[in-house]
Amino acid sequence: MIKVTRNEAEEAVKTLLAYIGEDQNREGLLDTPRRVVESFSEHFAGYLQNPEDILSTTFAEVEGYNEIILLKNIGFSSHCEHHMSPIIGHATIAYFPDKRIVGISKLARIVDVFAKRLQIQEKMTSQIAGVINEILMPKGVAVIIEATHHCMVTRGIKKDNTMLKTSTMMGCFRDDINLRKELFNLIRG
Ligand SMILES: [Zn+2]
């Protein structure tokens, strides 16, 4: 991977402004390259974060808790890797703990680690499930994501109100139909 300086990144934004037919030197645009590059550090902060670190603090003491843990409607914004257009949606994460549970804010942070990268929704869904499965070693994990893709809503075929829904089921949620039913009842309830 080549190393790009901040200055070079701002110059690239200026090039794009000229490409779309703008006068890159007009007053309203003078600070735009800096602002765009700054917003990139927020939109793509996930490249600097390691999901395993976030999940490494767990509680072994679960007081015999032996049920599904579900966190619903975790809002996120991401960008698609094909157009760098926004993907706006929410994720639902469930896991059936075995020995370890994790603070609920950590589940929300895991979504952001993967959302704040260039993504495709299918990949993001399985990445979240995969890392929870690997680190917490639960009996099962389920991740469901619903999102609107701006590359589809604002350009191309311009279909508004379309939502892409993806899910990954692992372990007991994949193998045990009754648990999967219970999961969907909890999500609806
Ligand atoms: Zn796209």
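This chain uses plain numbering: 1 for the first residue, then up along the sequence. Counting starts at 1 for both ligands and their atoms, following the listed order. Just so it is clear, the model here is predicted, and its values are computed rather than measured.
- More than 12 heavy-atom neighbours from other residues, nucleotides or ligands sit within 6.0 angstrom of OH on Tyr47.
- For the pair Arg100 (side chain) and Ile135 (backbone), a donor-acceptor distance under 3.5 Å is present.
- Taking the six-membered ring where tryptophan is involved, the planes of Phe40 and His43 are tilted, since the angle between them lies from 30° to 60°.
- Between Arg34 and Asp31 a salt bridge is recorded (basic side-chain N to carboxylate O distance below 4.0 Å).
- Within the 2.8 Å limit, Cys151 places at least one N, O or S atom next to the Zn ion (ligand 1).
- His83 contributes atom ND1 as its closest N/O/S atom to the Zn ion (ligand 1).
- Within the coordination shell of the Zn ion (ligand 1), defined by N, O or S atoms under 2.8 Å, His150 is absent.
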